[in-house]
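Right, one structure below, let's go through it.
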Amino acid sequence: GSEESPFATIQHGINASSDGDTVLVQEGTYNENVNIDNVDLFLIGQNRETTIIDGGSSGRVVDIKGGIYPDSNTVILKGFKIQNGSADESNGQYSGGGILVWNTGDFYFSNLIVENNYAETFGGGIRVAGGSNTYIDNSIIRNNSSDQYGSAIYIEDNVTLDSVAVYSNYNSPQYSTISLTSNKTLNVTNSTITGNDSYGINSSGNNYINITNSIFFNNLSDGDETEF
């Protein structure tokens with residue numbers, strides 16, 4: 001596509017791209033489920049409030065597959081609202097209702113709103129898996145839900161949160177808002193995790209968690225406020 005004659009869908013722009021390309025997306029609501037598969041790509045929305053990818057509760061909103069080791073990819077996703085994703089038995093996806101990242105690569109999410117997404121198992125908002133490093137900055141993750149761990153984010157790789165607001169996400173109190181599996185690294189800087197109805201962070205196994213200049217407040221488990 002071009003500025004004069006843009007593609008009608010985001011997926012069309014992605015499919016026409018090669019490694020290293022930038023896809024610019026004008027403001028509007030795009031009712032689609034986007035797949036980025038084994039390509040280096042910058043996907044840039046005009047404004048996160050008005051450039052909306054709506055999954056229509058028919059499946060995951062954004063599915064990002066990196067390379068198979070030793071190959072890897074770099075993907076930048078910036079300036080979008082990611083909403084109304086659903087990963088459940090009906091579509092065979094189960095986890096990562098808003099965004100799923102898997103396989104090998106470096107993934108950068110900036111200036112996003114991830115909201116109103118659901119996963120039947122893990123990662124209502126975002127699930128990160130499979131040998132990647134994921135960086136999320138200047139973003140809002142809110143009003144997502146899951147039936148198990150990680151109503152906001154489920155982490156199976158290394159993740160950095162910088163200037164991220166995580167609030168009003170919900171699942172059963174015995175689970176968590178942000179969940180890590182074993183032998184992972186989570187860095188949280190200048191971020192606020194508040195008003196979620198389960199633990200702020202749950203860590204399973206031997207993980208490294210570094211929290212700097214951040215607020216964890218009013219996150220609940222079993223009806224009681226917890227530190228994390």
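Quick note: numbers below take in every heavy atom, side chains included, and nothing from hydrogens, waters or symmetry partners.
Ile136 and Val164 get closest at one heavy-atom pair: O-CG2, 3.4 Å. The shortest heavy-atom contact between Asp157 and Ile155 is O-CG2, 2.8 Å. Annotation for Gly123 and Ser146: closest pair N-CB, 4.3 Å, computed over non-hydrogen atoms. Listed here is the closest heavy atom pair of Ala87 and Gln93: CB-CB, 3.9 Å. Nearest heavy-atom pair across Asp19 and Asn38 is OD1-O, 4.4 Å. For the pair Ser72 and Gly105, the tightest heavy-atom approach, listed with the atom from each and the gap, is CB-CA, 3.9 Å.
Side chain of Asn219 to main chain of Asn196: a donor-acceptor pair is present (N/O by atom type, distance under 3.5 Å, no hydrogens or angles). For the pair Asn91 (side chain) and Asp88 (backbone), a donor-acceptor distance under 3.5 Å is present. Of the possible donor and acceptor atoms, one in the side chain of Glu32 sits under 3.5 Å from a partner among the backbone N and O of Gln11. No donor-acceptor distance shorter than 3.5 angstrom exists from the side chain of Ser163 to the backbone of Asn138, with no hydrogens or angles considered. Looking at Asn117, its side chain does come within 3.5 Å of a backbone N or O of Asn84 through a donor-acceptor pair. The main-chain N or O of Glu27 is never found under 3.5 Å from a side-chain atom of Thr50 such that the two would form a donor-acceptor pair. Between the Asn169 side chain and the Ser145 main chain, no donor and acceptor come within less than 3.5 Å of each other. Without hydrogens or angle criteria, Ser214 side chain to Ser191 main chain gives a donor-acceptor distance under 3.5 Å.
Lys65 and Asn73 are not linked by any side-chain donor-acceptor pair at a separation below 3.5 angstrom, with hydrogens and angles left out of the test.
With a 4.5 Å cut-off on side-chain heavy atoms, Val101 and Phe109 count as touching. Put simply, the side chain of Asn207 does not reach to within 4.5 Å of the side chain of Leu186, judged on heavy atoms. Counting only heavy atoms from C-beta outward, the side chains of Ile14 and Asn35 never approach each other to under 4.5 Å.
We find the CG-CG distance between Asn144 and Asn171 to be 10.5 Å, quoted to the nearest 0.5 Å. In this structure, OG1 in Thr177 is found 7.0 Å from CG in Asp197, a value given to the nearest 0.5 Å. Put simply, CD1 on Ile141 and CD1 on Ile153 are 3.5 Å apart, with the number rounded to the nearest 0.5 Å. Atom CD1 of Ile126 sits about 9.0 Å away from atom CD1 of Ile82, to the nearest 0.5 Å. Atoms CD1 and CZ, from Ile193 and Phe216 in turn, are 4.0 Å apart once rounded to the nearest 0.5 Å. Rounding to the nearest 0.5 Å gives a distance of 6.0 Å between OH of Tyr175 and OH of Tyr149.
Considering Thr212, Asn213, Asp137 as possible partners of Asn190, the one that fulfils the side-chain hydrogen bond (donor to acceptor under 3.5 Å, both in side chains) test is Asn213.
Residue Lys78 qualifies as open at atom NZ: its count of foreign heavy atoms under 6.0 Å is 12 or below.
Ile140 belongs to a hydrophobic cluster with Ile113, Tyr167, counting contacts under 4.5 Å between side-chain heavy atoms of Ile, Leu, Val, Met, Phe, Trp and Tyr, direct or through other members. Alongside Ile76, the hydrophobic cluster contains Leu24, Phe42, Ile44, Tyr108, Tyr135 (criterion: ILVMFWY side chains under 4.5 Å). Hydrophobic cluster membership of Tyr118, counting Ile, Leu, Val, Met, Phe, Trp and Tyr whose side-chain heavy atoms lie under 4.5 Å apart directly or via other members: none, as it forms a cluster of its own.
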Between side-chain atoms of residues 57-64 and protein atoms elsewhere (two or more places apart, or another chain), which donor-acceptor pairs fall under 3.5 Å?
unit_1	atom_1	unit_2	atom_2	d
Ser58	OG	Asn33	OD1	3.4
Ser58	OG	Gly55	O	2.9
Arg60	NE	Ser95	O	3.2
Arg60	NE	Gly96	O	2.9
Arg60	NH1	Asp63	OD2	2.9
Arg60	NH2	Ser95	O	2.7
Asp63	OD1	Trp102	NE1	3.2

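Tyr170 and Tyr154 are members of different hydrophobic clusters when ILVMFWY side chains are connected at heavy-atom separations under 4.5 Å. Tracing side-chain contacts under 4.5 Å through hydrophobic residues (I, L, V, M, F, W, Y), one reaches Val188 starting from Val166; they form part of the same cluster. The same ILVMFWY cluster, assembled from side-chain heavy atoms under 4.5 Å apart, contains both Leu43 and Phe107. The cluster map of Ile, Leu, Val, Met, Phe, Trp and Tyr, joined by side-chain heavy atoms under 4.5 Å apart, puts Tyr94 and Val114 in different clusters. Hydrophobic clustering (side-chain heavy atoms under 4.5 Å, transitive across Ile, Leu, Val, Met, Phe, Trp, Tyr) keeps Tyr208 apart from Val159.
Residue pairs that meet the salt bridge (charged side-chain N to carboxylate O under 4.0 Å, His left out) test with at least one member in residues 143-152, sequence neighbours left out, do not exist here. Applying the salt bridge (charged side-chain N to carboxylate O under 4.0 Å, His left out) rule to pairs touching residues 110-129 yields Lys81-Glu115, Glu115-Arg142, Arg127-Glu156, sequence neighbours excluded.
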